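Okay, so here's the structure we're looking at.
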Amino acid sequence: MPCEALQPFIVCYFIWDSEGPMDSTMIVESPPSGFCSIVFNYGDAYHLQNKKYEKLPVPLQFAAGQSIYSYNLFLQGTIGIAGIVFKPAALATIFNWPMFEFVEERIDLYKLFTKEITDKYIAAIKSANNEQEKVALLEAFMLQQLRMLKPEPDYIDEAANFIVEQNGMLQVNDLLEKSYMSRRTFERKFFQKVGLSPKYYARIRRIGYLCNLIAGKKKVDWPKIFYECNFYDQAHFIKDFEEFTGRTPQQYLKENTELANYVEKPAGS
């Protein structure tokens with residue numbers, strides 16, 4: 001978890017290491033989560049497949065915007081990844097990046113930060129002795145940005161975070177009532193900071209929440225799930241699920257290779 005000063009912007013940090021080189025390619029799937037990230041890779045290079053790219057070489061260090069659909073990572077050799085997971089509007093609030101340009105993309109950090117800063121943190125994270133040191137470096141990187149840029153969250157941050165808290169189960173009109181903006185202005189500002197319209201983002205967040213509920217399971221009470229996720233009916237549930245994951249719910253359960261199948265999440269996450 002981030003320190004108090006960074007909690008308005010950051011969800012968590014993560015470290016992902018393999019014990020050594022893998023014998024074969026590992027395929028890991030991820031449904032859209034509704035979050036963005038900055039990642040430093042001190043292991044071997046890998047590539048990504050999504051609806052936009054058949055085979056995208058992923059930069060060793062990158063910032064990622066919203067994912068609209070499920071994607072696959074194809075990993076080889078040694079895994080060594082340190083990352084920061086951001087709240088939906090945080091990258092725009094901190095860095096003033098136009099997040100609609102980041103949707104379904106991995107943007108090399110050398111295009112976003114100076115070479116001096118990027119080189120410094122890549123080298124430090126690579127040479128860190130353990131995960132605690134790596135997390136401390138990620139936090140130091142962000143605290144430096146905070147001191148320099150002095151970002152201030154606004155109502156768009158608040159609205160996007162509320163969508164996350166409600167797991168996408170709300171009406172956009174509920175957000176408009178507190179915005180003191182016209183619908184057009186609110187949607188334009190939301191699109192600039194999150195990269196998607198508020199309605200579409202809420203749909204993605206609901207699917208992300210649903211996939212988290214079923215992660216790692218091979219048997220699921222589907223009527224209970226679509227009721228808990230506030231779908232109008234089963235047909236609506238299946239349509240949304242297929243749109244964002246590319247498969248029927250039953251196919252997904254049978255075939256998915258989500259990260260949740262390989263790692264343990266911290267208690268309380």
Side-chain angles (χ1 to χ4, degrees), residues 11 14 16 18 22 24-37 39 46-58 62 64-76 79 81 83 85 88 99-100 102-106 160 163-164 166-170 194-265 269:
V11 178
F14 69 90
W16 186 16
S18 61
M22 297 179 292
S24 58
T25 300
M26 179 183 187
I27 302 174
V28 175
E29 178 176 10
S30 180
S33 68
F35 299 118
C36 303
S37 61
V39 171
Y46 59 93
H47 71 271
L48 172 152
Q49 179 189 61
N50 60 16
K51 200 164 184 177
K52 186 174 182 179
Y53 297 106
E54 181 62 31
K55 187 175 182 180
L56 176 70
V58 177
F62 63 85
Q66 292 293 332
S67 292
I68 300 177
Y69 308 106
S70 289
Y71 59 89
N72 291 315
L73 304 179
F74 294 80
L75 302 122
Q76 294 178 308
I79 298 172
I81 296 172
V85 180
M99 293 311 297
F100 56 88
F102 286 64
V103 173
E104 297 283 18
E105 296 288 351
R106 307 292 188 276
I163 292 174
V164 171
Q166 298 298 308
N167 296 311
M169 291 175 267
L170 79 173
V194 178
L196 304 167
S197 74
K199 184 176 181 180
Y200 200 79
Y201 178 71
R203 291 177 65 205
I204 285 177
R205 180 57 195 158
R206 179 164 61 168
I207 286 293
Y209 171 69
L210 188 156
C211 288
N212 191 53
L213 289 178
I214 66 174
K217 297 178 181 178
K218 295 300 178 187
K219 190 174 181 180
V220 168
D221 183 345
W222 288 115
K224 180 181 177 183
I225 291 290
F226 76 71
Y227 177 79
E228 183 175 341
C229 294
N230 203 27
F231 282 95
Y232 178 70
D233 56 28
Q234 186 174 353
H236 182 200
F237 159 65
I238 292 173
K239 179 178 177 294
D240 262 27
F241 195 92
E242 288 183 340
E243 178 179 344
F244 293 116
T245 71
R247 280 163 295 174
T248 67
Q250 203 56 41
Q251 284 175 323
Y252 187 87
L253 267 193
K254 184 179 179 181
E255 302 168 357
N256 88 82
T257 54
E258 285 182 62
L259 189 57
N261 294 326
Y262 302 102
V263 301
E264 295 181 9
K265 293 189 291 185
S269 65

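Note that the structure is a prediction, hence the values are computed from the model and not measured.
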I204 and G34: which non-hydrogen atoms are nearest, and at how many Å?
-> CG2-N, 4.3 Å
Measure the spacing between CG of N212 and CG of N167 and express it to the nearest 0.5 Å.
-> 9.0 Å
CZ of R206 to CG of D240: how many Å apart, nearest 0.5 Å?
-> 5.5 Å
I would like to know whether Y209 and E228 meet side chain to side chain donor-acceptor pair (under 3.5 Å); could you show each step before the answer?
-> CA-CA 10 Å; Y209 171 69; E228 183 175 341; 3.2 Å; yes
Within-4.5 Å side-chain heavy-atom neighbours: V28 and N72 = no
Does the side chain of Y252 come within less than 4.5 Å of P31's, by heavy atoms?
-> yes
Step through the shown structure and confirm whether more than 12 heavy atoms of other residues, nucleotides or ligands are within 6.0 Å of CD on E243.
-> yes
Taken to the nearest 0.5 Å, the spacing of Q66 CD from M99 CE works out to 7.0 Å
Between F62 and F102, does a ring-ring contact (aromatic ring centres under 6.0 Å, His included) hold up when you go through it step by step?
-> CA-CA 11 Å; F62 63 85; F102 286 64; over 10 Å; no
Just by distance, do the side chain of S33 and the backbone of F35 share a donor-acceptor pair under 3.5 Å?
-> yes
Test side-chain contact (heavy atoms from CB on, under 4.5 Å) on Y46 and T25 and set out the steps.
-> CA-CA 10 Å; Y46 59 93; T25 300; over 6 Å; no
Taking atom OH of Y227 as the centre, does the number of heavy atoms from other residues, nucleotides or ligands within less than 6.0 Å exceed 12?
-> no
Side chain to side chain donor-acceptor pair (under 3.5 Å) between Y53 and E105, intermediate numbers included = CA-CA 9 Å; Y53 297 106; E105 296 288 351; 2.6 Å; yes
With a cut-off of 6.0 Å (strictly less than), are more than 12 heavy atoms of other residues, nucleotides or ligands near NZ of K199?
-> no
For V194 and A160, work out which heavy atoms get closest and say how close.
-> CG2-CB, 4.1 Å
What distance separates S24 OG from L75 CG, expressed to the nearest 0.5 Å?
-> 11.0 Å
Minimum side-chain heavy-atom gap R205-V164 below 4.5 Å = yes
Output for pair (I207 CD1, C229 SG), nearest 0.5 Å, gives 7.5 Å
Ring centres under 6.0 angstrom apart (F226, F231) = no
Cation-pi check, R106 onto Y71 ring (under 6.0 Å, within 45° of axis) = yes
May I ask you to test the M22-I79 pair for a side-chain heavy-atom distance under 4.5 Å?
-> yes
Mind checking whether F241 and W222 have parallel, tilted or perpendicular rings, split at 30° and 60°?
-> perpendicular
Backbone N/O of R247 and side chain of T245: donor-acceptor pair under 3.5 Å = yes
Return the minimal non-hydrogen interatomic distance between P198 and I163, and the atom names on each side.
-> O-CD1, 4.0 Å
For the pair V58 and F74, evaluate side-chain contact (heavy atoms from CB on, under 4.5 Å) and give the outcome as yes or no after the intermediate values.
-> CA-CA 10 Å; V58 177; F74 294 80; over 6 Å; no
Residue pair E104 / S67, side-chain heavy-atom distance below 4.5 Å | yes
For L210 and F244, what are the C-alpha separation, side-chain angles and deciding distance, and is it a side-chain contact (heavy atoms from CB on, under 4.5 Å)?
-> CA-CA 11 Å; L210 188 156; F244 293 116; over 6 Å; no
Should Y69 and N50 be marked as a side-chain contact (heavy atoms from CB on, under 4.5 Å) after you check the CA-CA gap, both sets of side-chain angles, and the distance that decides it?
-> CA-CA 7 Å; Y69 308 106; N50 60 16; 6.0 Å; no
Flag the pair I68 / L196 as yes when at least one side-chain heavy-atom distance between them is below 4.5 Å, and no otherwise.
-> yes
dist I27:CD1 -> L73:CG (nearest 0.5 Å) comes out at 10.0 Å
With a 4.5 Å limit on heavy-atom distance, are the side chains of S70 and S30 in contact?
-> no
With the side chain counted from C-beta on, respond yes when Q49 and E54 share a heavy-atom pair under 4.5 Å apart, and no when they do not.
-> yes
Please confirm whether the backbone N or O of K239 pairs with a side-chain atom of E242, one donor and one acceptor, at under 3.5 Å?
-> no
